[in-house]
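So the structure is just underneath, and the comments pick up after that.
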Amino acid sequence: MVNSQAKERYSFSKLNAFLTCKYGYKLTYIDHEKGIGNCFSSYGLEVHSIMERYAKGEIDLWDLVSTYEWEFDSAVQEPFPSTKYCEDMRKLYYEQGLEFLKNFPGYSDKKILDVESAFDYEIDDWIFTGVIDLVYEEKDTGKLVIQDYKSKSSFKNKKEQAEYAKQLYLYSLYVKEKYGRYPDTLRFLMFRKNTPIDIPFNEDDLNYAITWAKNTVKDIRDCWDFSPSCDKFFSDNLCNHRHNCKEKIK
């Protein structure tokens with residue numbers, strides 16, 4: 001039994017936060033300053049919440065759309081930015097989410113094994129912790145699948161896809177521990193475009209993800225300079241501390 005109180009705990013988002021902006025990491029995980037959300041995370045959380053409730057049997061398939069319509073404005077209160085590519089991003093995101101839920105076929109062809117499964121997994125002298133959106137078996141093939149909902153419309157390229165895949169590869173460690181085998185498929189469901197992206201499980205890529213996590217923990221422990229390291233769009237729209245970032249003000 002893992003003594004979670006005695007060991008440092010790292011999630012994928014925590015590791016990624018350090019690589020995105022060391023100052024933001026310091027504010028969140030060292031200074032424990034409470035941040036604020038953003039429109040993109042609130043939007044993703046709302047669709048994610050609806051899908052979770054459906055998978056748990058708390059919402060019927062035919063109620064997905066009405067639930068989304070009823071909850072959207074209260075769930076996504078932050079303003080969306082305007083860009084040269086889209087003046088009304090709020091409307092675009094709303095309509096894409098609505099279209100996805102209207103056409104979602106349900107999970108009748110899947111055997112649901114786990115929904116929002118929180119776990120701890122010991123790596124070296126620290127704990128990797130996470131929450132898996134969905135684990136299921138395909139009824140026709142018996143394949144074991146980890147599924148993660150993503151509000152991104154797509155991955156820019158194979159390199160970005162591989163970076164995101166590290167999360168599900170690390171989750172695979174717990175799946176192997178619980179079910180006795182690694183998943184056959186890692187699936188990202190890009191719900192804004194209703195596009196599933198399936199990645200066949202590869203043990204070399206798993207080992208790469210483990211090495212990445214171990215090296216990132218080492219870098220965090222060795223770090224003494226927590227200067228800002230994010231880009232302007234992230235700083236202005238996504239950072240949880242964008243409202244009072246002293247380094248940004250300077």
Side-chain angles (χ1 to χ4, degrees), residues 11-14 16-17 20-21 24 27-28 34-56 58-107 115-118 130-134 146-156 160-161 163-165 167-168 171 186-197 230-245:
S11 63
F12 183 82
S13 59
K14 184 175 180 179
N16 216 38
T20 300
C21 181
L27 292 177
T28 298
K34 187 176 181 180
I36 59 175
N38 64 71
C39 58
F40 301 107
S41 62
S42 294
Y43 169 77
L45 286 171
E46 172 58 14
V47 177
H48 180 280
S49 171
I50 291 173
M51 297 305 294
E52 174 191 347
R53 284 176 276 167
Y54 167 69
K56 288 181 175 178
E58 298 170 4
I59 301 177
D60 291 318
L61 183 62
W62 50 84
D63 288 329
L64 298 184
V65 170
S66 60
T67 301
Y68 179 77
E69 292 172 326
W70 179 259
E71 294 180 350
F72 185 84
D73 285 335
S74 60
V76 188
Q77 298 184 21
E78 302 89 350
F80 280 76
S82 294
T83 70
K84 62 181 180 180
Y85 304 106
C86 181
E87 292 185 2
D88 194 346
M89 196 175 291
R90 184 182 185 87
K91 180 181 178 183
L92 174 66
Y93 272 58
Y94 173 80
E95 290 178 348
Q96 287 176 330
L98 186 65
E99 189 68 15
F100 164 70
L101 293 171
K102 282 181 178 178
N103 293 287
F104 181 67
Y107 290 137
V115 181
E116 289 298 298
S117 180
V131 180
I132 305 176
D133 289 351
L134 193 67
I146 297 179
Q147 179 166 288
D148 190 72
Y149 304 110
K150 283 284 181 279
S151 59
K152 289 175 66 67
S153 60
S154 63
F155 293 122
K156 297 175 186 175
E160 185 183 52
Q161 178 177 301
E163 290 301 303
Y164 274 85
Q167 179 181 9
L168 297 190
Y171 287 3
L186 314 179
R187 167 172 283 200
F188 290 106
L189 183 54
M190 321 293 270
F191 57 78
R192 278 178 52 215
K193 294 295 181 71
N194 196 12
T195 304
I197 296 178
C230 63
D231 60 42
K232 180 172 173 53
F233 184 85
F234 183 91
S235 176
D236 290 345
N237 299 286
L238 303 179
C239 178
N240 291 339
H241 304 284
R242 63 190 182 278
H243 61 305
N244 64 355
C245 176

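Given the structure is predicted, the values throughout are model-derived calculations rather than measurements.
Side-chain contact between S66 and D63 is present, with heavy atoms from C-beta onward closer than 4.5 Å. Put simply, the side chain of Y43 does not reach to within 4.5 Å of the side chain of M89, judged on heavy atoms. For the pair Y164 and L186, the minimum side-chain heavy-atom distance is 4.5 Å or more. Between D133 and Q147, every side-chain heavy-atom pair lies at or beyond the 4.5 Å cut-off. The closest side-chain heavy-atom distance from F155 to I197 is below 4.5 Å.
In this structure, the side chain of Q77 engages the main chain of S74 through a donor-acceptor pair within 3.5 Å. Between the side chain of Y68 and the main chain of Y94, a donor-acceptor pair closer than 3.5 Å is present. With hydrogens and angles ignored, the 3.5 Å screen pairs a side-chain donor or acceptor of N103 with a backbone N or O of E99. Not one N or O on the side chain of R90 forms a donor-acceptor pair closer than 3.5 Å with the backbone of C39.
One finds the CD1 atom of I146 at 10.0 Å from the OG atom of S117 (value rounded to the nearest 0.5 Å). Here NE2 of H48 is found 4.0 Å from CD of E116. Values are rounded to the nearest 0.5 Å. The SG atom of C21 lies 11.0 Å from the CG atom of N240; values are rounded to the nearest 0.5 Å. One finds the CG atom of L189 at 7.0 Å from the OH atom of Y149 (value rounded to the nearest 0.5 Å). Taken from CE in M190 to CD in Q96, the straight-line distance is 12.0 Å, to the nearest 0.5 Å. A distance of 14.0 Å separates OG1 of T195 from CZ of F188, quoted to the nearest 0.5 Å.
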_Test log, rule side-chain hydrogen bond (donor to acceptor under 3.5 Å, both in side chains), inputs Q167 and Y171_ = CA-CA 6 Å; Q167 179 181 9; Y171 287 3; 2.9 Å; yes
*Walk me through it: do L168 and R187 pass the test side-chain contact (heavy atoms from CB on, under 4.5 Å)?*
CA-CA 8 Å; L168 297 190; R187 167 172 283 200; over 6 Å; no
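Using a 4.0 Å cut-off between a side-chain N of Lys or Arg and a carboxylate O of Asp or Glu, E71 and R53 qualify as a salt bridge.
Listed here is the closest heavy atom pair of L64 and I50: CD2-CG2, 3.7 Å. Shown here for L134 and A55, the closest heavy-atom pair between the two residues is CD1-CB, 4.0 Å. Heavy atoms only, all atoms of each residue included: N38 and F40 are closest at OD1-N, 2.9 Å. Minimum interatomic distance between K152 and R192 (heavy atoms only, all atoms of both residues): C-NH1, 4.1 Å. Of all the heavy atoms in T67 and E46, the pair that sits closest is O-OE2, 4.4 Å. Nearest approach of G37 to E78, heavy atoms of both residues: C-OE2, 3.9 Å.
When the shell of 6.0 Å around NZ of K56 is examined, it contains more than 12 heavy atoms from other residues, nucleotides or ligands.
Applying the salt bridge (Lys or Arg N to Asp or Glu O under 4.0 Å) rule to K193 yields no partners; only residues at least two apart in sequence or on another chain are considered.
Between F104 and F191, the ring center distance fails the sub-6.0 Å criterion.
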